[in-house]
Each structure stands twice: as C-alpha cells, then as structure tokens.
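Heads up, the thing below is written out as structure tokens.
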Protein chains: 2
Amino acid sequence: MRGFIQPRLLLLLAKKTSHGYELMEALRAIPGSENLSDPGMMYRTLRQLEEAEVLRSAWDTGGRGPARRVYELTKIGHEHLEVWVAEIRKTRTHLDKFLAEYESIAENRSVKRRKRG
Amino acid sequence: MRGFIQPRLLLLLAKKTSHGYELMEALRAIPGSENLSDPGMMYRTLRQLEEAEVLRSAWDTGGRGPARRVYELTKIGHEHLEVWVAEIRKTRTHLDKFLAEYESIAENRSVKRRKRG
DNA sequence: GACATCTATATGTTAAAGGCCAATAGTAGC
DNA sequence: GCTACTATTGGCCTTTAACATATAGATGTC
C-alpha cells in the first residue's frame, strides 16, 4: 500500500473535519494503513494538500491540550477524492487480473507436479 | 499502480523465461502496466533482482539482432512471487474496504442533497 | 559501403516519496 | 518542578520513479 496516504486523508476528512493528531490515530486504527501514520509524512502531506487548495485549515485553541490545526475538505478536495476513487477502482481491476493470471499459472504448475509425481 | 513492476516481471518470467526487451513489450501490452515499461527502470530492476538471486541470467547470442540477456526465475524467485501475491491480495481487500467506505459516505451526501433540494 | 531502422542493453541525472528520528511546545496531574 | 500526554514541525537519508542519453549488433536497401 504505497502512495495511499492522500486518498485516506481525503476520505477521513470527507467524513468529518479533523486535525493531524486525530487523523494519525484514525490511520493507525485502519488495518493496512498503520504505516501511513508517521507524523512526519502526515503533516507534510496535509500542508502540501493545503498548498494545492485541496484542504483548508484553521487553528482551534478551544479544546484541551495544545492548539490544533483543523483541516476541512474544499470543493477541489471533494473532486480530488472522486478522481482518487476512479483511480483506485482501476487499480483494483488490475490487481484482480494479476491475481487471476497468477492463479491460472499456479494451477498449471501444480497439475504438472501431479503428473510428474 | 506504483511499485508494481517487480511482481509483474516475476509473473511474466514465471510463465516463460525472457529477456529485457521482450519483457518491456509485454508490459506495454498489459493495460495499466504501460507506464512500468520504461527501459531504464526495467533493466535496473532486472539487475537488482538478479543481485538478490531472485533471477538468474545468461547471454543468448543465438537469435537475430544483438545478444540478449535471458532471465529465468530461481526458486527464491518463485517464493518471492508468492509473497507478492499474498501482499496483493491484502492490498485488494484494503482497496475494497476503502471503496465501500467511500460509497457509504457518497450515498449519505446525495441523500442530504435530495433532502435539501 | 553508407545509411536508416530495428533490436537490445545500460547509464546518468534529477525530483518526489517514504522512513526514521529529534525538536518544540502547550496542558494537566501529581 | 517533573512527568506524561497532546500536537505540530523539521531534518536527513534512502528508495523509487521519470526522463533523457549512450552504445552497439543485425538487417535491409539504395
């Protein structure tokens, strides 16, 4: 699961506005996304998505603990998410084809082994 | 589809031993793998897989055209392919979950729009 | 035989992504 | 004051990827 942090963040933020630390914990809780939750990557990605106007942020000094930068999806952000979804659907069908191919040759190999044995 | 060149090469070579140029053309012919067929990446990847004893190569001066370095999967190579397959199956289920989540929130959004509209 | 074309492999350079670790700082409880 | 928890940021280093370029044998053709 590489290069998958962006769509994950966008999907989380599409559900609900949130801040870095909370997003990090959310990623940690998703099986297969644990490795995406590195703080360094996280915050850098968030800033660069904001740069691209995919996200918008504001400081929230209300809650307990230090101030948090709260992110929300922009209209562009929602569009980006849709593009990602289309991309991911394509990827999934490619993976399906790959696995089907593998299974067909794996089948041949085991047939051959049975014949030989 | 990033970082997907290795399993593609391994699967192609599991089907039949082959050389760089042929592998490149095979990748070009697979929808979704066209971008993996850059010669630079190709040959470097092949050499580094050989370094790792996943592949083994020998020069073939027989055919027409310049000599070709023909690669074949080693036992380690077959094992690597199986590891990749397991990995890819996992990735596929993660993608499925992601898409399911997206569809559930997209559904909510359109319901809200209908109620508002 | 000079030239273009196709087949084939290899290298160099640079930019982006990812992994890992450390720094800074506010808040809260003891 | 000390520790623990919450929160954001920055630096460094490696890997991956993208793009361009170099080299060279074989083949066909005029």
Side-chain angles (χ1 to χ4, degrees), chain A residues 1-10 12-13 17-29 32-52 54-72 80 84 87 91 94, chain B residues 1-10 12-13 17-29 32-52 54-72 80 84 87 91 94:
Chain A
M1 293 287 276
R2 266 192 240 140
F4 202 58
I5 187 173
Q6 282 196 31
R8 265 296 172 202
L9 290 177
L10 296 190
L12 285 170
L13 288 170
T17 65
S18 183
H19 55 98
Y21 197 80
E22 195 178 40
L23 290 164
M24 230 176 64
E25 298 202 316
L27 285 178
R28 250 177 225 150
S33 297
E34 302 90 346
N35 51 323
L36 302 175
S37 66
D38 169 70
M41 270 266 296
M42 271 281 324
Y43 288 105
R44 258 180 301 186
T45 305
L46 288 171
R47 302 307 282 283
Q48 111 194 25
L49 288 174
E50 188 174 16
E51 182 72 20
V54 168
L55 304 179
R56 178 170 40 235
S57 78
W59 284 103
D60 170 15
T61 52
R64 56 218 85 266
R68 38 186 88 149
R69 193 188 279 278
V70 174
Y71 286 94
E72 107 185 276
H80 268 232
W84 270 111
E87 190 68 24
T91 299
H94 294 322
Chain B
M1 294 288 279
R2 273 201 230 127
F4 202 58
I5 187 172
Q6 282 197 30
R8 267 294 172 203
L9 291 177
L10 296 191
L12 285 171
L13 288 170
T17 65
S18 182
H19 55 97
Y21 197 83
E22 196 178 38
L23 290 165
M24 230 176 65
E25 298 202 316
L27 285 179
R28 251 178 223 147
S33 297
E34 302 90 345
N35 52 323
L36 302 176
S37 64
D38 170 68
M41 271 266 297
M42 270 280 326
Y43 288 105
R44 259 187 294 233
T45 304
L46 288 172
R47 301 306 284 284
Q48 108 194 25
L49 287 173
E50 188 175 13
E51 182 72 21
V54 168
L55 304 180
R56 176 171 41 235
S57 79
W59 285 102
D60 170 15
T61 52
R64 55 217 85 265
R68 36 184 89 150
R69 192 188 281 277
V70 174
Y71 287 95
E72 104 184 278
H80 268 232
W84 271 111
E87 190 69 24
T91 300
H94 293 324

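The shown structure was predicted, so the numbers you read here are calculated from the model rather than taken from an experiment. In what follows, every chain begins at residue 1, and chains take the letters A, B, ... in the order their sequences are listed.
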5'-most contact on DNA chain D: B:Gln6 or B:Asp38, nearest heavy atom basis? B:Gln6
Report the distance from atom CE of A:Met24 to atom OG of A:Ser18, rounding to the nearest 0.5 Å. 11.5 Å
Rounded to the Å, how far apart are B:Ile5 CD1 and D:dT16 C1'? 11 Å
Pick one: which of B:Gln6, B:Arg8, B:Glu50 meets side-chain contact (heavy atoms from CB on, under 4.5 Å) with B:Thr45? B:Gln6
Can you tell me how far the CG atom of B:Leu55 sits from the CG atom of B:Leu49, to the nearest 0.5 Å? 5.0 Å
So which of residues 41-52 of chain A are in contact with DNA chain D, with a heavy-atom cut-off of under 4.0 Å? A:Tyr43, A:Arg44, A:Arg47
Backbone of A:Pro39 reached by a side-chain donor or acceptor of A:Tyr21 within 3.5 Å: no
Atom CE of A:Met24 and atom C1' of C:dG18: how far apart are they, to the nearest Å? 16 Å
DNA chain D contacts among residues 60-70 of chain B, heavy-atom distance under 4.0 Å: B:Arg64, B:Gly65, B:Pro66
Atom pair distance, as rounded to whole Å: CD in B:Glu22 and C1' in C:dA8: 12 Å
Taken to the nearest 0.5 Å, the spacing of A:Leu13 CG from A:Glu22 CD works out to 9.5 Å
Using side-chain heavy atoms (C-beta onward) and a distance below 4.5 Å, is B:Glu72 in contact with B:Arg56? yes
Check side-chain contact (heavy atoms from CB on, under 4.5 Å) between B:Ala67 and all other residues, then give those that pass, not counting sequence neighbours. B:Trp59, B:Thr61
When rounded to whole Å, the NE2 to C1' distance for the pair A:His19 and C:dA25 reads 16 Å
How long is the line joining CG of B:Leu9 and P of C:dT9, in whole Å? 13 Å
Between atom CE of A:Met42 and atom CG of A:Leu46, what is the distance when rounded to the nearest 0.5 Å? 4.0 Å
Interatomic distance, B:Tyr21 OH vs D:dA26 P [rounded to whole Å]: 16 Å
